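To keep things clear, I will list the structure first and then write my remarks on it.
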Amino acid sequence: MHVMLAVLGTVVTILVLLVRLADAGIDLGWLNPYLWYRRWKWQQKVGGDPVYSLDSPMDVTAFLMVAVAKCNGDMSVQQKHLILGLFEQEFHLSPREASALLNSSAFLLKDGEAVRSNLGKVLAPS
């Protein structure tokens, strides 16, 4: 019985000390493996390329359409008008929404290295 009281007293003492350290401003969150894993996944998501987080099939399709149009350099005016027309007809978007989708897809494309090297990784979330 006296051993059980000693163990419980030790556990309570450790917990009280941890709370006091947290109140003093010392962060002991790195000791928690679950919290560390969540922070690590969040850093990967925030610090990673946003192309790999496209989860809507419409966004991925628009992104790939722009990537195909820009595969040989910049898009021509005719290609932009064709893509905008396809966005409006196929996706049932207003001209303003279609333009915004084209601009965001072109911004995400940048140099197109993500599409060339990791197309499966781009398509995986959707």
Side-chain angles (χ1 to χ4, degrees):
M1 185 68 176
H2 62 285
V3 175
M4 188 96 136
L5 289 175
V7 170
L8 287 174
T10 305
V11 169
V12 167
T13 304
I14 290 173
L15 290 175
V16 167
L17 288 174
L18 288 176
V19 168
R20 297 298 293 165
L21 284 174
D23 289 342
I26 298 173
D27 181 29
L28 298 174
W30 57 273
L31 291 174
N32 185 350
Y34 300 112
L35 181 63
W36 176 84
Y37 181 73
R38 259 185 291 153
R39 285 181 181 168
W40 178 70
K41 291 298 275 185
W42 177 252
Q43 284 176 344
Q44 281 187 333
K45 186 175 183 179
V46 170
D49 195 357
V51 172
Y52 300 122
S53 63
L54 292 174
D55 55 356
S56 170
M58 184 175 74
D59 292 338
V60 173
T61 305
F63 176 74
L64 291 176
M65 288 172 70
V66 171
V68 168
K70 289 184 79 170
C71 67
N72 292 330
D74 286 337
M75 285 189 291
S76 66
V77 174
Q78 293 85 8
Q79 288 175 328
K80 287 181 183 179
H81 288 302
L82 177 68
I83 291 175
L84 285 172
L86 286 172
F87 287 171
E88 291 172 15
Q89 292 171 1
E90 299 299 324
F91 297 151
H92 305 292
L93 298 175
S94 69
R96 186 178 189 137
E97 291 172 335
S99 177
L101 185 60
L102 177 69
N103 289 337
S104 64
S105 297
F107 177 76
L108 286 176
L109 183 62
K110 295 179 187 165
D111 61 351
E113 188 60 35
V115 177
R116 281 190 286 264
S117 61
N118 297 322
L119 183 61
K121 195 174 174 185
V122 171
L123 296 174
S126 65

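Hydrogens, waters and symmetry mates are skipped; everything else that's a heavy atom, side chains included, is used. Residue numbers start at 1 and run along the sequence shown. No experiment lies behind these values; they were computed from the predicted model shown.
Under the 4.5 Å side-chain heavy-atom criterion for grouping Ile, Leu, Val, Met, Phe, Trp and Tyr, Leu35 is not connected to Leu21 through any hydrophobic cluster. Note: the hydrophobic cluster containing Ile14 does not contain Leu8 (ILVMFWY, side chain heavy atoms under 4.5 Å, direct or indirect links). With hydrophobic clusters built from ILVMFWY side chains whose heavy atoms lie under 4.5 angstrom apart, Val60 does not share a cluster with Val68.
Under a 3.5 Å cut-off, the side chain of Ser99 and the backbone N or O of Arg96 do not form any donor-acceptor pair.
Within 6.0 Å of the NZ atom in Lys80, the count of heavy atoms belonging to other residues, nucleotides or ligands does not exceed 12. Within 6.0 Å of atom CG in Asp23, more than 12 heavy atoms from other residues, nucleotides or ligands are found, so the atom counts as buried in its surroundings.
Here CD of Gln44 is found 12.5 Å from OG of Ser53. Values are rounded to the nearest 0.5 Å. Separating the CG atom in Leu108 from the CG atom in Asp49 is a distance of 8.0 Å, to the nearest 0.5 Å. Expressed to the nearest 0.5 Å, how far CG of Leu102 lies from CG of Leu86 amounts to 11.0 Å. Going from atom CZ of Arg39 over to atom OH of Tyr34 covers 16.0 Å, rounded to the nearest 0.5 Å. Here the CG atom belonging to Leu84 is positioned 9.5 Å from the CE atom belonging to Met65, to the nearest 0.5 angstrom. A distance of 6.5 Å separates OG in Ser104 from CG in Asp59, rounded to the nearest 0.5 Å.
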Q: Go through the steps to decide whether Thr61 and Met58 satisfy the test side chain to side chain contact (heavy atoms under 4.5 Å, CB included), and finish with yes or no.
A: CA-CA 5 Å; Thr61 305; Met58 184 175 74; 5.7 Å; no
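Using bins of under 30°, 30° to 60° and over 60° for the plane-to-plane angle, the ring pair Tyr37/Trp40 lands in the tilted bin.
For the residue pair Tyr52 and Pro125, the shortest heavy atom distance occurs at O-CG, 3.1 Å. Residues Phe87 and Ala62 share a closest heavy-atom pair of CZ-CB, 3.5 Å. Smallest separation of non-hydrogen atoms from Lys70 and Ala106: NZ-O, 4.4 Å. For Ile83 against Ala69, the heavy-atom pair with the smallest separation is CD1-CB, 3.6 Å.
Applying the side-chain contact (heavy atoms from CB on, under 4.5 Å) test between Ser105 and each of Leu54, Leu64, Val66 identifies Val66 as the sole match.
The shortest distance between side-chain heavy atoms of Val51 and Lys110 does not fall below 4.5 Å.
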